[in-house]
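Working notes, structure below.
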Amino acid sequence: MGYSKLLFLLFFTALANTGNAQEIAILKYKGGGDWYANPTALPNLIQFCNSNIGTKIKEQPETVEIGDVTIFQYPMLHMTGHGNVLFSQEEADNLRTYLLSGGFLHIDDNYGMEPYLRKELTKVFPNTNLEELGVDHPIFKEHYQFPDGLPKIHEHDGKRPQAFGISIDGRLVLLFTYESDLGDGWEDPSVHNDPENVRTKALQMGANIISYAFKN
């Protein structure tokens with residue numbers, strides 16, 4: 001049995017046997033970037049989703065390493081940070097197999113990771129580029145309506161927020177949110193002192209992402 005097929009079977013066996021069908025994990029990567037940024041963000045988003053869109057996600061997400069087989073236990077991974085990102089080819093291969101096997105990865109640029117990330121994604125999908133999602137993409141209409149696309153949560157360089165993706169056979173497998181800082185909006189209110197309406201937009205967009213990932 002080939003490596004890819006084995007991991008494919010592990011993925012679905014894990015979901016069937018452990019009840020992880022609605023769990024999310026934080027992706028740990030190498031390169032020196034702060035993969036652990038925004039520690040309150042994902043737990044707050046999970047709590048929001050469980051309260052508002054009917055999910056039953058474990059409130060404290062696990063941390064998994066990109067090259068580890070344990071990523072196949074989770075239908076969705078979340079990745080963030082400010083700086084350098086580095087994938088070995090083995091890690092890139094593992095992530096590719098995960099995504100092709102039905103997994104979903106959301107990467108939220110917390111400011112500064114974009115140039116490093118783009119380079120490393122060429123190891124994962126050498127012949128596929130990130131493409132900007134149109135405002136008509138279903139991810140902006142899952143539970144909450146975002147007719148203008150990705151919301152702006154924090155300002156850095158005066159650039160508009162953009163949602164990029166990689167789709168395989170018509171399925172969005174990777175979402176990269178850029179110049180938005182959704183994760184900052186998910187954090188505890190005291191961290192960034194965002195107005196309530198800004199935090200709500202961030203949480204609602206995050207809920208759309210989770211809903212889309214679980215349904216597709």
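Note that the numbering runs from 1 along the sequence shown for the chain.
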Quick one: pull up [atom1] in [X] and [atom2] in [Y] and give me the separation to the nearest 0.5 Å.
{"X": "Thr55", "Y": "Ile46", "atom1": "OG1", "atom2": "CD1", "result": "8.5 Å"}
{"X": "Tyr144", "Y": "Lys201", "atom1": "OH", "atom2": "NZ", "result": "15.0 Å"}
{"X": "Phe48", "Y": "Leu203", "atom1": "CZ", "atom2": "CG", "result": "5.5 Å"}
{"X": "Ile53", "Y": "Ser211", "atom1": "CD1", "atom2": "OG", "result": "5.0 Å"}
{"X": "Glu187", "Y": "Asn193", "atom1": "CD", "atom2": "CG", "result": "11.5 Å"}
{"X": "Leu95", "Y": "Met79", "atom1": "CG", "atom2": "CE", "result": "8.5 Å"}

Report summary line: With sequence neighbours left out, the residues meeting ring-ring contact (aromatic ring centres under 6.0 Å, His included) with His156 are Tyr111
Requested in this report: Could you list the residues that satisfy ring-ring contact (aromatic ring centres under 6.0 Å, His included) with His143, not counting sequence neighbours?
Outcome: none
Report task. Would you sort out whether His78 and Trp186 count as a ring pair (Phe, Tyr, Trp, His ring centres under 6.0 Å), showing the intermediate values? Result -> CA-CA 13 Å; His78 175 73; Trp186 302 342; 5.5 Å; yes
Using every non-hydrogen atom in the two residues, find where [X] and [Y] come nearest and quote the distance to one decimal.
{"X": "Asp108", "Y": "Met113", "answer": "O-SD, 3.8 Å"}
{"X": "Asp34", "Y": "Tyr29", "answer": "C-OH, 3.9 Å"}
{"X": "Gly134", "Y": "Phe140", "answer": "O-CE1, 3.3 Å"}
{"X": "Pro151", "Y": "Leu182", "answer": "CG-CD2, 4.2 Å"}
{"X": "Arg118", "Y": "Phe164", "answer": "NH2-CZ, 3.6 Å"}

Query raised in the report: Less than 4.5 Å apart, any side-chain heavy atom of Ile107 and any of Leu117?
Result: yes
**Report entry** Under 3.5 Å: donor-acceptor pair, side chain of Arg96, backbone of Val124
**Finding:** yes
Query raised in the report: Taking Glu120 for the side chain and Phe87 for the main chain, is one N or O donor matched with an acceptor at less than 3.5 Å?
Result: yes
Requested in this report: Would you sort out whether His106 and Phe176 count as a side-chain contact (heavy atoms from CB on, under 4.5 Å), showing the intermediate values?
Outcome: CA-CA 6 Å; His106 172 224; Phe176 174 49; over 6 Å; no
Report summary line: Quick note, salt bridge (charged side-chain N to carboxylate O under 4.0 Å, His left out) partners involving residues 63-73, not counting sequence neighbours, are Lys28-Glu65
Query raised in the report: Is a salt bridge present between Lys123 and Glu91, judged by a nitrogen-to-oxygen distance below 4.0 Å?
Result: no
Report task. State whether Glu155 and Arg160 are salt-bridged, where the test is any N-O pair (Lys NZ or Arg NE/NH1/NH2 against Asp/Glu carboxylate O) under 4.0 Å. Result -> no
Query raised in the report: Under 6.0 Å from the CD atom of Glu132, do we count more than 12 heavy atoms belonging to anything else shown?
Result: yes
Report task. Report the C-alpha separation of Phe104 and Leu172 in whole Å, then their side-chain angles, then the decisive distance to 0.1 Å, and conclude whether the side-chain contact (heavy atoms from CB on, under 4.5 Å) test is met. Result -> CA-CA 8 Å; Phe104 183 91; Leu172 183 68; 4.2 Å; yes
